[in-house]
Amino acid sequence: MSAGDPPGLDLSRLREHLESQLPGLTAGPLTAELVQGGRSNLTYIVGDGANRWVVRRPPLGHVLATAHDMSREHRVMSALAGTSVPVPRTYLLCQDEDVIGAPFYVMEFVPGTVYRSPEQTAQLDAGQRRDLSMQLADVLADLHTLDPEQVGLGDFGRPEGFLQRQVRRWSKQLAASHSREIPGIDRLAQRLGERVPPTRHAGIVHGDYRLDNVLVDEQRNISAVLDWEMATLGDPLTDVGLLKVYWEGMDGVEYNPIAKGIGPEYGFPPVRELWDRYAARSGIDLSDLDWYVAFGFFKLAVISEGIHYRYVHGQTVGEGFEHVGALVEHLVAQGLSALD
């Protein structure tokens, strides 16, 4: 890479590939900016002086198996184009690691704001916070009630046994990032495995749905849902439970690097109101969510431990990673509490 390339992206090789696959797309040399705030896949805004696109690739090191699948993100966004779930247009998927050193894809640049800090959400008045919260619930309900077969995702996953596989999968991911003892995390995984509920409704699962994974336009409308790397077919209540983890699950944390500026503490409605809106729009039964909330805490604890592992091994790009490791024990404790 040249001196002007951001970490993880060779711009000359990228332009050469784009010209060979999509002739005429670029009008000149490329520049790129690494979008700060990403804690997993790397996101770049790439431009040629006239147009802009977004490039996504896996992190630079310690990539866990199946956790950073570019083809998964590309496929689900391509399938959702034209539905009530807003997504960017996709242009190209490249799985040849010889081009920039990792698989990547190129998608439309959608203007908008990602609300990921208290300073940003403080700019919203009470009505805007409530309206944006209800939109977040509406879009999730629309996603979960789509027919996967009708959008070409009928074979995108296996809903049967989904929850059992999820517990096993994240337990394996934890083992792959093991570098220290974490009190209670093995007990949490065991209890989740022993109490897996039956799946009552199957659908498209986002896997990491939260406010700072959507773009909001100038009219304060959600213009695009982002970060589909963990999307699959399965039990959509995993998204609903995880929403509470992000919304209200960080109480008592001195420094929260994961979900900042959201929830009742910042003038947003309680998650119960989002759940009620979701249930009314989707018709999905939310009578028993404790297991799903606990699983959300476990999953986020494992993801955070993977980020911590990459940080201590010098494999992260961006700021704020030094605080993620301290969050893991809190997430485990909250997960055990949810099961109790």
Side-chain angles (χ1 to χ4, degrees), residues 66-67 136-137 140-141 143-145 148 156-175 182-210 213 230-253 258-259 262-264 270-306 327-340:
T66 77
L136 200 66
L140 188 62
L143 172 67
H144 290 166
T145 51
F156 193 54
R158 292 179 294 131
E160 302 81 10
F162 170 75
L163 296 177
Q164 291 89 342
R165 291 195 306 275
Q166 282 286 291
V167 174
R168 291 197 299 268
R169 173 195 172 183
W170 289 104
S171 297
K172 290 179 181 178
Q173 302 287 42
L174 176 64
I182 305 168
I185 198 165
D186 292 332
R187 182 158 56 98
L188 177 56
Q190 180 181 357
R191 292 183 65 187
L192 286 168
E194 291 170 349
R195 295 175 54 179
V196 175
T199 294
R200 300 189 297 268
H201 173 82
I204 302 169
V205 175
H206 180 278
D208 196 24
Y209 190 76
R210 60 184 194 261
N213 271 343
M230 290 187 283
T232 189
L233 296 188
D235 190 329
L237 293 186
T238 53
D239 279 342
V240 178
L242 186 60
L243 187 61
K244 177 180 172 67
V245 174
Y246 285 124
W247 208 253
E248 298 177 352
M250 307 300 171
D251 291 347
V253 175
I258 299 294
I262 61 173
V271 75
R272 173 54 64 183
E273 294 189 23
L274 278 72
W275 284 354
D276 289 345
R277 175 79 168 223
Y278 169 93
R281 189 175 179 97
S282 68
I284 296 174
D285 181 13
L286 300 186
S287 59
D288 185 10
L289 285 176
D290 291 346
W291 187 94
Y292 295 93
V293 172
F295 174 71
F297 278 113
F298 174 64
K299 177 178 170 178
L300 189 55
V302 175
I303 292 171
S304 299
E305 187 62 14
L327 187 62
V328 177
E329 193 169 335
H330 167 84
L331 293 168
V332 171
Q334 290 286 89
L336 289 168
S337 177
L339 286 178
D340 290 336

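Heavy-atom basis, side chains included; hydrogens, waters and symmetry copies ignored.
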With rounding to the nearest 0.5 Å, note down the distance linking [atom1] in [X] to [atom2] in [Y].
X      : Y      : atom1 : atom2 : answer
Arg158 : Thr232 : CZ    : OG1   : 9.0 Å
Leu140 : Trp275 : CG    : CH2   : 12.0 Å
Leu243 : Glu248 : CG    : CD    : 9.0 Å
Leu336 : Leu188 : CG    : CG    : 4.5 Å
Gln166 : Thr238 : CD    : OG1   : 6.5 Å
Ile185 : Gln190 : CD1   : CD    : 13.5 Å

With heavy-atom distances below 4.5 Å as the criterion, would you say the side chains of [X] and [Y] are in contact?
X      : Y      : answer
Val271 : Tyr246 : no
Arg191 : Asp340 : yes
Val245 : Gln334 : no
Tyr292 : Lys244 : no
Leu136 : Arg210 : no
Phe162 : Leu233 : no

How close do [X] and [Y] get, heavy atom to heavy atom, and via which atoms?
X      : Y      : value
Gly296 : Leu242 : O-CD1, 3.6 Å
Val302 : Leu174 : CG1-N, 3.6 Å
Pro264 : Pro270 : CG-CA, 3.7 Å
Ala338 : Val293 : CB-CG1, 4.1 Å

Do side-chain atoms of [X] reach the backbone of [Y] as a donor and acceptor pair under 3.5 angstrom?
X      : Y      : result
Arg165 : Glu160 : yes
His206 : Leu143 : no
Ser304 : Leu300 : yes
Asp239 : Gly207 : yes
His330 : Gly249 : yes
Asn213 : Asp208 : yes

What donor-acceptor contacts under 3.5 angstrom involve side-chain atoms of residues 283-291, with partners at least two apart or in another chain?
residue, atom, partner, partner atom, Å
Asp285, OD1, Ser287, N, 2.9
Asp285, OD1, Ser287, OG, 3.1
Asp285, OD2, Ser287, OG, 3.1
Trp291, NE1, Leu192, O, 3.1
Trp291, NE1, Arg195, O, 3.3

Taking atom CD as the centre, does Glu329 end up with more than 12 heavy-atom neighbours from other residues, nucleotides or ligands that are less than 6.0 angstrom away?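 Counting other residues, nucleotides and ligands, CD of Glu329 stays at 12 neighbours or fewer.
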